[in-house]
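A quick note: this is a predicted structure, and the numbers were derived from the prediction, not measured. All residue numbers in this chain count up from 1 along the given sequence. What you see below is based on every heavy atom in this structure, not just the backbone, and it leaves out hydrogens, waters and symmetry mates.
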Amino acid sequence: MKHPIVLALFSNIFVLFLLFQVAFAEEISPAGGVKITADTLSYESRSATYQARGNVRMRYDGVTLLADSVIFRQEQSEAFASGGVVMEKDGDVLHGDSLTLNTTTELGEVSNGDLFIKKPNFHIRSSKMTKSGTEDYRMERGSFTTCDGDSPSWRFTARDLNVTLEEYATGKDVVFYVKDLPLLYTPYIIFPVKRERQSGFLIPLIRNSSKKGFNFDLPFYWAISPSQDATFDLDIQSKRGVGTGLDYRYMRQRGSEGVFRGYGIFDTSQSRFRGAVVEKHLEAVSGSLNFRSDINMATDRDFYTDFAEAAGEYNRQDLESTVSLTKKWQDYALTAELRYVEDLYAPNNSATLQKLPAVSLTGIRRKIGATPLFFSLDSSLVNFYREEGVNGQRFTLHPTVTTYFQPVSALDVSAFAGYGQRLYNAYGADPGRGSHGEGLADAGVSASTRFARVYDTAWGAVRKVRHLLVPEVSYSFVQERSQDQLPFFDFDDRVVGQNLLTLSLTNYLTGKVIQADGSPVYRDLLYLRISQGYQASGSRRDLLTLVDEGHTLTDLRLESRFTPTPEISLNLDSRFNTYQGRFSTANLSADYSDGSDNRAGLGYRFSRGEVEYLEGRIGVALVKPFVFNYTNRYSFDKGGFLESYYAIGYKHQCWDLTFSYRDRPDNREFMVTFNLAGIGAIGPIKAF
């Protein structure tokens, strides 16, 4: 039997060992999914209370709580944290001096709180912040901003501020500050604090132009539902009156979608109402049946000239509206379409040709049994209508048979033969009145081969280059017949005869680029194609230069696309007349972009006797945080500038300011745009 003193000594050592284990435990997991880690932990069983001190980390339900000390009452699910409190969930972070929180209901209170909402970068501060719900906060003497840092560029302060994430925030006795300077007071404010789309007023647009005078444009965005939204626009113009606009967008089941845009104004300078409507809709009735509409209407021919802003809109030449229904099968597609065009450059629309309706049946190439032949079909029935000129119907049927084969392994050959039949019923004017029919045969063959080689290079990160060379020869034949007796609706009524042999040589350069991490990527570096045709007989219509010189050799065509780096792109498409030693057409462009606000571009378009046009644009952001943009368009054939645009912007982390000036022959406009990041901005607004 052991001595009593020895037993007592062992008992005391055992008790001290247990206390040592509790005092220096690294982690405990109370019920309810809560885990607590700290330098020291203790547990009081009578009140079921855990006390953690030193580098406390408490985790539950996706929430991480850091503090100097935490008292957690397990039965009440209540935590009391103090000293350097930080709570994080899904990127949102709350800082404070002390915190009371119920881990089940997520209700609580924090003193000297600083709440950061990751999206859209909201900072909300308050001397006393109460969390009254999962997404609900109430602040006393609070402030909010989207600017980072302890001294934000701008902020709103409020006596009482209530915030519901994914909904709205409201404040009383609100003051707007720029740095520490108060600029604006309002007794009440409401603004959205949603991570996604939100309803509310957008930043207004202020400008002054010689055509519209002083212009104040105030848009309101309405997030109707996850599949619908709308923007309402109040457009105040000192020289024109007050206009209103609507931009409504929607999506429906099976990929159906659409947009409706409308703008109207009582033009005080002309004492009449003016407006325009744009409607686009796609209705996917089923996987094989869809309905489309694309409607463009205006009250008068000069509406876009006076009220449109974007290039291509203010100088548009026509308005086209279509409604169509398409049914698709495995090998065929049937389309019925109504097409109405308003020529804005013509004195009136009486001579403009309309297709009301046009029906087409198209068959894709399908193999004919076990033969090496493929059958395809193009057919249409069009009813042409106009108030002045010949009207009538045209039916076309054009079946084609195609085959592909390789006489030798390195040679790819294709050949086709077809016959196009046209039937007419015309009335209303000469020539071409009455019933007519005309059929034309066509055929063609092409042969090509490929040569490829890989070269080792030392062009920076480009280690290897693959050169692919594709020479091709093709021949096309179209039967030549006089068609003067046929009515003329469009160029399909005057098919030109052809006996054309074409030679082409195409080059492809593909580079193997080694990235910084050592992995390879492949990038297209160069596309270059040279082609020219020999017209043995027949005539030729050049739709680009609108000439038919009757020469046997066609223009020499050069097409090129060069992208030596991801930032640089050079493009060329030109036609050179070898008889006259001059270019018939030339389209050139050079573009540079570093992926930010530094970019430059130059474009030149030329078609002899028709148009000669130069456009330059540059964006510079070398002197941060300023961004400068300049665009100029000059017409050589008209002998003057079409448009000059200057803009200088100041970009801050949480706001930006842009001054711009646009000079057109009929309008000069100065505009100021100001944006507070996260306050009502949703991106560009489509406006007339």
Side-chain angles (χ1 to χ4, degrees), residues 197 199-224 228-251 257-282 292-323 340-345 349 643 645 660 662 664-673 675 680-688:
R197 304 176 307 146
S199 301
F201 285 101
L202 307 180
I203 300 299
L205 182 66
I206 302 173
R207 56 190 166 191
N208 187 70
S209 70
S210 58
K211 183 177 289 187
K212 299 178 181 180
F214 176 78
N215 183 200
F216 180 80
D217 195 328
L218 179 63
F220 178 83
Y221 177 74
W222 181 22
I224 304 172
Q228 301 178 81
D229 61 24
T231 301
F232 300 91
D233 199 47
L234 179 64
D235 186 19
I236 303 173
Q237 304 175 21
S238 63
K239 289 187 176 181
R240 296 282 187 170
V242 179
T244 56
L246 169 64
D247 190 348
Y248 171 63
R249 300 160 292 270
Y250 58 90
M251 298 180 65
E257 61 182 358
V259 60
F260 175 86
R261 299 187 183 105
Y263 180 87
I265 185 172
F266 185 82
D267 190 347
T268 55
S269 67
Q270 299 186 12
S271 300
R272 59 169 176 157
F273 175 81
R274 308 178 70 186
V277 169
V278 174
E279 183 271 345
K280 299 179 186 293
H281 177 73
L282 167 63
R292 291 180 182 271
S293 62
D294 188 347
I295 308 299
N296 297 272
M297 302 174 62
T299 55
D300 58 272
R301 293 173 173 270
D302 297 326
F303 173 83
Y304 285 92
T305 302
D306 291 341
F307 293 98
E309 299 295 334
E313 287 289 322
Y314 80 92
N315 57 352
R316 65 187 305 166
Q317 299 180 9
D318 57 58
L319 291 176
E320 184 176 272
S321 297
T322 61
V323 176
Y340 183 84
V341 178
E342 183 172 4
D343 188 345
L344 300 180
Y345 280 21
N349 215 44
E643 180 181 49
Y645 176 79
S660 61
R662 178 183 284 116
R664 291 173 178 165
D666 62 342
N667 186 40
R668 291 174 176 82
E669 181 179 78
F670 176 76
M671 182 166 55
V672 180
T673 55
N675 181 55
I682 62 167
I685 304 300
K686 173 70 175 178
F688 293 101

- request: Please determine if Arg272 and Asp267 form a salt bridge, counting it only when a charged side-chain N lies under 4.0 Å from a carboxylate O.
  value: no
Pair Asp306 + Arg274, salt bridge at N-O below 4.0 Å:
yes
- prompt: Do Ile295 and Val323 come within less than 4.5 Å of each other through their side chains, counting heavy atoms only?
  reply: yes
Student check: side-chain heavy atoms of Thr231 and Arg249 closer than 4.5 Å
yes
Can any side-chain N or O of [X] pair as donor or acceptor with the backbone N or O of [Y] at less than 3.5 Å?
{"X": "Asn667", "Y": "Lys211", "value": "yes"}
{"X": "Ser321", "Y": "Tyr340", "value": "no"}
{"X": "Thr268", "Y": "Arg240", "value": "yes"}
{"X": "Asn296", "Y": "Glu320", "value": "yes"}
{"X": "Lys239", "Y": "Ser210", "value": "yes"}

Output for pair (Asp217 CG, Asp235 CG), nearest 0.5 Å, gives 4.5 Å
**Request:** Could you walk me through whether Asn215 and Glu669 pass the side-chain contact (heavy atoms from CB on, under 4.5 Å) test, one step at a time?
**Result:** CA-CA 10 Å; Asn215 183 200; Glu669 181 179 78; 5.5 Å; no
More than 12 heavy atoms of other groups within 6.0 Å of Met297 CE = no
| message | How about CZ on Arg292, more than 12 heavy atoms from neighbouring residues, nucleotides or ligands closer than 6.0 Å, or not? | response | no
Only residue of Tyr250, Tyr248, Tyr221, Trp222 satisfying side chain to side chain donor-acceptor pair (under 3.5 Å) with Asp229 is Tyr221
message = side-chain contact (heavy atoms from CB on, under 4.5 Å), that's the test. Do Val277 and Phe260 meet it? Break it down for me.
response = CA-CA 8 Å; Val277 169; Phe260 175 86; 3.5 Å; yes
Residue set satisfying side-chain contact (heavy atoms from CB on, under 4.5 Å) with Phe216, at least two apart, ordered chain then number -> Pro204, Ile206, Phe214, Leu218, Ile236
